[in-house]
Amino acid sequence: MIIPDSGPVRAFLEERHVTSAGEIASFAAREVKPRPEPRDDGAARVEAKKLLQLLGAAGCFEPIRSQDWRACCLAREALGGASPLADAVFALQGLGTLPILLSGNAAMRDRWVDAAIQGRAMAAFAMTEPEAGSDVASIRTTARRDGDRYVLDGAKTLISNAGIADFYTVFASTDPDAKGKGISCFVVPGDSPGLRFTGAQVLSAPHPLGEIAFEDCRVPAANRLGEEGKGMSLGLQTLDRLRATVGAAACGMAARALSESSTHARARKQFGKPIAEFQLIQEKLARMATELTAARLLVYRAAWAADRGADRVTLEAAMAKAYATEAAQRIVDDAVQILGGAGALASHPVDRLYRSVRALRIYEGTTEIQHLVIAGRLLEEADA
Ligand SMILES: Cc1cc2nc3c(=O)[nH]c(=O)nc-3n(C[C@H](O)[C@H](O)[C@H](O)COP(=O)(O)OP(=O)(O)OC[C@H]3O[C@@H](n4cnc5c(N)ncnc54)[C@H](O)[C@@H]3O)c2cc1C
């Protein structure tokens, strides 16, 4: 079992989703799960490119184009359980491409959308900077208008696909005095003069992460997505839609961990019987299954709300991301405990999940930031 059956979340799905859940789950089991984990950062970069082509050729990224968020969640659930790296490749195609779909002009869409969706162009999303993480409004990279071009200068850190992306969706300030209201968004091709990959940042779970710098990097004004000064709102809109899918990836990792550990608990004998017969193990399995179901309900509720065309799904998405990623961390940790020493070996799939799931509580807005969003909304409603 890579993903649990659609039963608990069936109420949020349409017939096409049930069909696509089966298709993506069997594709992930057949084509993605058997691929070995890359040994190091260099191998992860090569593997990420191969996964991009594999997923693109199989049509996995189509739900990004159609902005079918429940289908995106189903894809990330299946991929997250089969290979966290494949899931990351999916995530970045979404993050890098959605701003173009939401605000790109015809030229930008023609140049990048088909290529990204078909797995011919790798996307990246460059928002975070050394001094601007959760506080996005304090971005220092600048984009100065010079005739029919913008000149970008600055540095970005913790960027997935840095150094291997074909294009970067970049957030830079066109009016530093205006803080968040002065940020604009640009598509910067990976081979632009003045854009440099300045180094890899190595994670314990191989994932192509790194730093980039812009030094007098000139891009056509037509590469700006949306109006000048509206970049932060475009970035937040993008994250709003994609946060539920991070929760879905967490559910996929948790489901795989639950499956691996319950299989082990039935087979492993200690004190003369399978450890699954010990109530302390059963309590863990029960909590894992319950939290996973609760997480999936929150995730598909948020995706369903987005698919219904809700203008903003900030609250639903924040609850889904915060709960699902925190629950997945606990579930994967319990799975390692049930597996005992075997679960702590680097070669075990659950150890890979343990190393991979941690970042989900941080990227696309930390749990603390999601909690601020949720509490803010609650208090606003109480005031009203
Ligand atoms: C694997 C991985 C991949 C990533 N990929 C990308 C990418 O492709 N593109 C990109 O732009 N970024 C990416 N990031 C960066 C990620 O989005 C940031 O790490 C994240 O937004 C947090 O920023 P920070 O690391 O600067 O932490 P900080 O913002 O410095 O936060 C540090 C701690 O302080 C807490 N904190 C901050 N503000 C508050 C507050 N007001 N109240 C309470 N607590 C607060 C945070 O929750 C956190 O616990 C990635 C990160 C990781 C780990």
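One is the number of the first residue; the rest follow in order along the sequence. Fair warning: this is a prediction, and the values are worked out from it, not measured in the lab. One-based numbering, in listed order, for ligands and for the atoms of each.
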Residues [X] and [Y]: side-chain donor-acceptor under 3.5 angstrom:
| X | Y | result |
| --- | --- | --- |
| R355 | S204 | no |
| R224 | Y150 | yes |
| D68 | H17 | yes |
| Q201 | T157 | yes |
| T141 | E129 | yes |
| D240 | T314 | yes |

For [atom], is the nearest protein heavy atom closer than 4.0 Å?
| atom | value |
| --- | --- |
| atom 28 (P) of ligand 1 | yes |
| atom 49 (O) of ligand 1 | yes |
| atom 33 (C) of ligand 1 | no |

Which residue and atom name correspond to the protein heavy atom nearest [atom], and how close is it?
| atom | answer |
| --- | --- |
| atom 8 (O) of ligand 1 | S160 N, 3.0 Å |
| atom 44 (N) of ligand 1 | E368 CB, 3.7 Å |
| atom 52 (C) of ligand 1 | Y363 CB, 4.0 Å |
| atom 31 (O) of ligand 1 | S134 OG, 3.8 Å |
| atom 53 (C) of ligand 1 | A359 CB, 4.1 Å |
| atom 16 (C) of ligand 1 | T128 OG1, 3.8 Å |
| atom 25 (O) of ligand 1 | L158 CD1, 4.0 Å |
| atom 23 (O) of ligand 1 | G133 CA, 3.3 Å |

Residue [X] vicinity, atoms of ligand 1 by number, heavy atom under 4.0 Å:
| X | result |
| --- | --- |
| I362 | 19 (O), 20 (C) |
| L203 | 1 (C) |
| F125 | 7 (C), 8 (O), 9 (N), 10 (C), 11 (O) |

Donor-acceptor under 3.5 Å ([X] side chain, [Y] main chain):
| X | Y | answer |
| --- | --- | --- |
| E211 | A200 | no |
| T19 | E15 | yes |
| E215 | L195 | no |

### Query
ligand 1 and A126, any nitrogen or oxygen pair closer than 3.5 angstrom?
no

### Task
Side-chain contact test, heavy atoms from C-beta onward, threshold under 4.5 Å: evaluate it for K179 versus S138 and give yes or no.
yes

Just let me know how [X] lines up against ligand 1, side chain, backbone, both or neither, with a heavy-atom cut-off below 4.0 Å.
| X | value |
| --- | --- |
| L372 | side chain |
| T366 | side chain |
| D135 | neither |

### Task
Verify whether the ring centers belonging to F186 and Y168 lie closer than 6.0 Å.
no

